[in-house]
Amino acid sequence: MSNLFIPNPKEAESIHILREVAAQFERPVLLFSGGKDSITLVRLAQKAFYPARIPFPLLHIDTGHNFPETIEFRDQLVAELGLELIVRNVQDSINQGKVTEERGRYASRNTLQTTTLLDAIEEFKFDACIGGARRDEEKARAKERVFSVRDDFGQWDEKNQRPELFDMLNGRIHQGQNVRVFPISNWTELDVWEYIKTENIAIPSIYFAHKREVFFRDGMVWTANEHVYRESHEEVFEKMVRFRTVGDMTCTAAVLSDADTLEAVVAEIRDSTISERGARIDDKRSEAAMESRKKVGYF
Amino acid sequence: MTHNRKLIKIATAGSVDDGKSTLIGRLLYDTKSLTTDKLEAIEKTSRQRGFDYLDFSLATDGLIAEREQGITIDVAHIYFNTAKTNFVIADTPGHVEYTRNMVTGASTSQVAIILIDARKGVIEQTNRHFFISNLLRLGHVVVAINKMDLVNYDEDVFLKIKADFEVLVEKSDFKTDQITFIPISALKGENIAKHSELMPWYVGNTLLDHLEVLEPSDLHESTVARFPIQYVTRPRTEAFHDFRGFSGKLYGGSLKVGDEVTVLPSFTESKIKTIHFFDQEYSEALPGASITITLEDEVNISRGDMLVKSSELPKSEKQISATICQVNSKPLKVGDKYTLQHGTNRVLAKVESIDSVIHTDFTGEVPASQLKLNDIGKVNFRLSKSIHFDTYHDNKSNGRFILIDEGSYDTVGIGFID
C-alpha cells in the first residue's frame with residue numbers, strides 16, 4: 001500500500017535542530033517552564049527521537065510564584081513520558097543572598113530567574129540549553145540565532161553572533177561556553193496553537209477561560225493573590241479570564257475571555273489584535289527591556 | 001500550522017534609504033499582522049520624532065544600537081500570514097559590508113525581494129544583491145522599484161530601470177520567468193496589497209498577490225535524494241530491542257521502502273526496510289522530511305555518513321574547488337586549515353591555492369592571494385578525508401559547506417562546490 005509522508009516544514013526544521021543538539025553536545029537540557037512553547041518542544045523532542053526516549057532532562061527554574069496548575073501539569077507530563085526533571089528554585093538564590101527580592105508595585109521574580117538558571121548550568125555543566133523562544137515574540141528576539149553562543153557569564157553578544165547558513169548548525173564551543181538553542185525560532189504564536197490543536201497536545205488548564213479573582217492596572221488584568229503586590233484602592237473582581245502566556249504570576253497578565261476549548265482559543269488568537277508579549281508586564285518597563293535582560297543572560 | 005498553508009521564505013535586499021524596513025512594516029500593516037500594541041508603539045515613536053507619517057521601519061529595527069543609528073545591522077526574521085501562506089522574511093541590511101548578512105539571510109530563503117530607489121535606478125549595490133541571489137540559486141527574484149511617489153508614478157522611469165536590470169539578468173543563470181518587476185511606493189502603500197490607481201499603466205500583480213501565487217514546489221529544486229545521517233536512534237527498550245534507526249533530514253528527492261541504497265563513505269549496499277516518522281510508518285517520504293530509516297541489512301553507520309540511492313552516487317574526492325564567501329574579519333589565506341562541515345560530516349580542510357576574487361557585480365574576477373571579509377573567491381582545498389558531494393549547481397544541499405575556524409570555532413566561510 002502506498003503511504004506517502006508529506007512533511008510539515010516547520011515541524012521538520014525543529015526536529016532537525018533537536019537532533020543536531022543531541023548529536024553535537026554532551027550535556028543538553030530542555031528548559032521547561034510549563035508554558036505552551038516548552039510543552040510543544042517536548043512533543044517535538046518525542047517525535048525527533050522516537051522510539052527512543054528523549055535523550056536529555058528537563059530543567060525547570062521555579063520562581064515560587066508559578067500557577068499551581070502549571071506545576072501539577074509539569075509533574076504529570078514528566079511521569080507520563082518517563083522524563084528526568086531537574087528543579088531549581090529562585091527562593092534558594094534569595095536565601096543564599098545571591099539576589100534580592102524586588103518590592104513594590106511591579107515587584108517580580110522574573111529577572112531573578114537568570115541567576116538561578118546560570119547557577120544550574122554551572123552545577124550540571126550543561127553545554128546546550130534548549131528553549132521555546134520564538135523570533136516573532138519580540139523585536140530583540142527577531143535577531144536571535146538558532147544556536148546562540150553564551151560566554152561563561154551567560155552573556156549574549158548581539159553584535160558578534162555566528163552567521164547561520166542554510167540549516168547547517170555549528171555547535172562547537174570552548175570550555176565554559178554554552179549554547180542556547182531555539183528549535184521553534186521560526187514558529188509564530190498561531191503556529192504553536194494550531195499545532196497544539198492538530199496534535200491534540202495537553203496544556204495546563206489556565207490557558208482556557210476560567211473564573212478568577214483579578215484586578216485592573218495599566219489596562220491589564222492582574223491575578224489577585226498573595227504573590228502579587230496590590231494597592232488598597234485596586235479593587236478585586238471575579239472575571240472569566242484565560243492566560244496567553246504562562247510565566248511567573250507576577251509578570252503574566254490575563255485576558256478577559258470566554259474561550260474554553262482549543263478551537264475557541266485558536267480562533268481568538270487568529271483574530272487577536274494584541275500581541276502575546278503585550279500581556280507580559282516585564283516588557284512594558286521600557287522599549288528595550290527584553291534586549292537588556294538578554295545581554296545579562298536572561299533566557 | 002496546517003498542511004494546507006504553504007511556507008514561503010523571502011530575503012529582502014536594498015541599499016541604505018531604499019525603504020526596505022518601511023516596505024516590511026507596510027507588508028505587516030497591510031496583512032493586519034501588526035497588533036494594536038505594536039501599532040500604538042509605532043504611532044507614539046513616530047510622533048515623538050516629529051514625523052507626519054507612520055514610520056513602519058520601527059516595526060523591524062530590533063536592537064538598541066540600530067535604533068540609535070537608524071539603520072539595521074544584522075539579519076532579522078519577521079513573520080506574517082495570509083489565509084493561504086505563511087511568510088518568513090529574512091531582513092538583511094543594506095550598507096556596504098552587507099555581503100555576509102545578505103548571504104546569511106538569503107541562504108534560508110527561496111525568494112529575494114531586491115529594492116531599487118526609483119530616483120537612483122540600478123546602482124552598484126543592486127548588482128551585488130542580484131549577484132548573491134544568483135550565487136545562491138534562489139528560486140525567484142522580485143525587483144521592487146520603490147519610491148514611485150517621488151518620480152510622479154512615471155512609467156518611463158520604471159521601464160528604464162527594468163531595461164537596465166534585464167542586462168544583469170542576461171549575465172546570470174536566471175530564466176526571465178524567474179524575475180518579476182513591480183513598481184511600488186512602500187510609504188504610500190501603492191501596489192503592495194492594493195492596485196495603485198496612480199499607476200494604471202501597471203497591469204501586473206501587486207507585491208502581495210505575486211508572493212501569494214508563488215508555489216514552494218516550483219521554488220525548490222528537484223534533484224536526486226541525499227540523506228545525511230544526523231543521529232543513530234537506538235531505543236534499547238524491551239519493545240524495540242533490536243531497533244536501529246538512522247535519523248536525518250531528506251534533501252533533493254524522495255526515498256521509498258525497497259529502494260536500493262549505498263552508505264557513504266563505506267560504500268556498503270542495502271535496501272530501505274522501513275521509513276518512520278514518530279509512531280507511524282510510511283512507504284515513501286518527500287524531501288524536507290525529518291525521518292528515521294531502517295535498512296534490511298546490519299550496516300555500521302554513524303553520524304556524518306550519508307545514504308543515497310545506489311544508482312545516483314555523488315562524487316567522492318579529497319580535492320575540491322569551491323566558491324567561498326568569507327564572512328569573518330580574519331582573512332582566508334593559502335595554507336590555512338579549517339574544519340569543513342558538509343551536511344553532518346566534518347573533515348579538516350587546507351587551503352591549497354586561491355584562484356581569484358570575483359567582482360560581485362558581474363564584471364569578472366581578479367587574481368588574489370587572500371579573501372577578506374565580504375570577499376567572494378575561487379579557492380582550492382585539500383581534505384583530510386574524501387567527502388561525498390555534488391556541485392552546488394546540481395544539488396544545493398549536497399554542494400555546500402561551512403568553514404569553521406580551528407581557534408575561535410566561529411563560522412568563517414561559506415562554500416559552494418564548483
(message) With side-chain contact (heavy atoms from CB on, under 4.5 Å) as the criterion, how do B/Leu7 and A/Lys10 come out once you've worked through the C-alpha distance, each side chain's angles and the decisive distance to 0.1 Å?
(response) CA-CA 8 Å; B/Leu7 176 66; A/Lys10 289 194 181 181; 3.7 Å; yes
(request) Evaluate the criterion side-chain contact (heavy atoms from CB on, under 4.5 Å) for residue pair A/Ile15 and B/Phe277; output intermediate values, then yes/no. (result) CA-CA 11 Å; A/Ile15 290 173; B/Phe277 180 72; 3.5 Å; yes
(request) Decide yes or no on side-chain contact (heavy atoms from CB on, under 4.5 Å) for B/Ser290 and A/Arg19, but give the supporting numbers first. (result) CA-CA 10 Å; B/Ser290 282; A/Arg19 287 171 172 169; 3.8 Å; yes
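Looking at A/Ile196, neither its backbone nor its side chain comes within 4.5 Å of chain B, counting heavy atoms on both sides. Only the backbone of B/Glu281 comes within less than 4.5 Å of a heavy atom in chain A; its side chain stays farther off. At a 4.5 Å heavy-atom cutoff, B/Ile275 makes no contact with chain A through either its backbone or its side chain. Contacts of B/Val232 with chain A are absent, with no heavy-atom separation under 4.5 Å from either backbone or side chain. Looking at B/Phe401, only its backbone comes within 4.5 Å of chain A, counting heavy atoms on both sides. Both the backbone and the side chain of A/Gln46 come within contact range of chain B, with heavy atoms under 4.5 Å apart. Residue B/Arg346 touches chain A through its side chain alone, counting heavy-atom pairs closer than 4.5 Å. Interface remark: B/Pro287 contributes backbone atoms only to the contact with chain A (heavy atom separation under 4.5 Å). Heavy atoms of B/Lys256 lying under 4.5 Å from chain A are absent altogether.
The nearest pair of heavy atoms linking A/Leu4 to B/Ser283 is N-OG, 4.4 Å. Of all the heavy atoms in A/Leu190 and B/Asn81, the pair that sits closest is CD2-ND2, 3.8 Å. The nearest pair of heavy atoms linking A/Phe166 to B/Ser107 is N-OG, 2.7 Å. Of all heavy-atom pairs spanning B/Thr104 and A/Leu165, the tightest one is CA-CD1, 3.7 Å. Heavy-atom minimum distance, B/Pro235 versus A/Pro51: CG-CG, 3.6 Å.
Ion pairing of B/Glu406 with A/Arg172 is present here, as a side-chain N (NZ or NE/NH1/NH2) and a carboxylate O approach within less than 4.0 Å. The pair B/Asp405-A/Arg162 does not count as a salt bridge, with every side-chain nitrogen at least 4.0 angstrom from each carboxylate oxygen. Ion pairing between B/Lys249 and A/Glu11 fails under the 4.0 Å rule for side-chain N and carboxylate O.
Of the possible polar contacts, none joining the A/Glu13 side chain to the B/Gly288 backbone as a donor-acceptor pair under 3.5 Å is found. A donor-acceptor pair under 3.5 Å is formed between the side chain of B/Gln230 and the backbone N or O of A/His16.
Shown here are the ring-ring contact (aromatic ring centres under 6.0 Å, His included) partners of B/Tyr251, two or more places apart in sequence or in another chain: there are none.
Side chains of B/Thr108 and A/Glu164 form no contact here, defined as non-hydrogen atoms less than 4.5 Å apart. In this structure the side chain of A/His174 reaches within 4.5 angstrom of the side chain of B/Tyr409, judged on heavy atoms. Put simply, the side chain of B/Thr344 does not reach to within 4.5 Å of the side chain of A/Met168, judged on heavy atoms. Within the 4.5 Å cutoff, the side chain of A/Asp191 has no heavy atoms near those of the B/Tyr79 side chain.
When each of A/Pro163, A/Ala22, A/Ala23 is scored by its heavy-atom pairs under 4.5 Å with chain B, the top score falls to A/Pro163. Per-residue counts of heavy-atom pairs under 4.5 Å with chain B were compared for A/Ala52, A/Ser185, A/Gly171; the largest is that of A/Ala52.
With rounding to the nearest 0.5 angstrom, the CG atom of A/Asn3 is 10.0 Å from the CD atom of B/Glu284.
Aromatic ring centres of B/His276 and A/Tyr50 lie farther apart than the 6.0 Å criterion allows.
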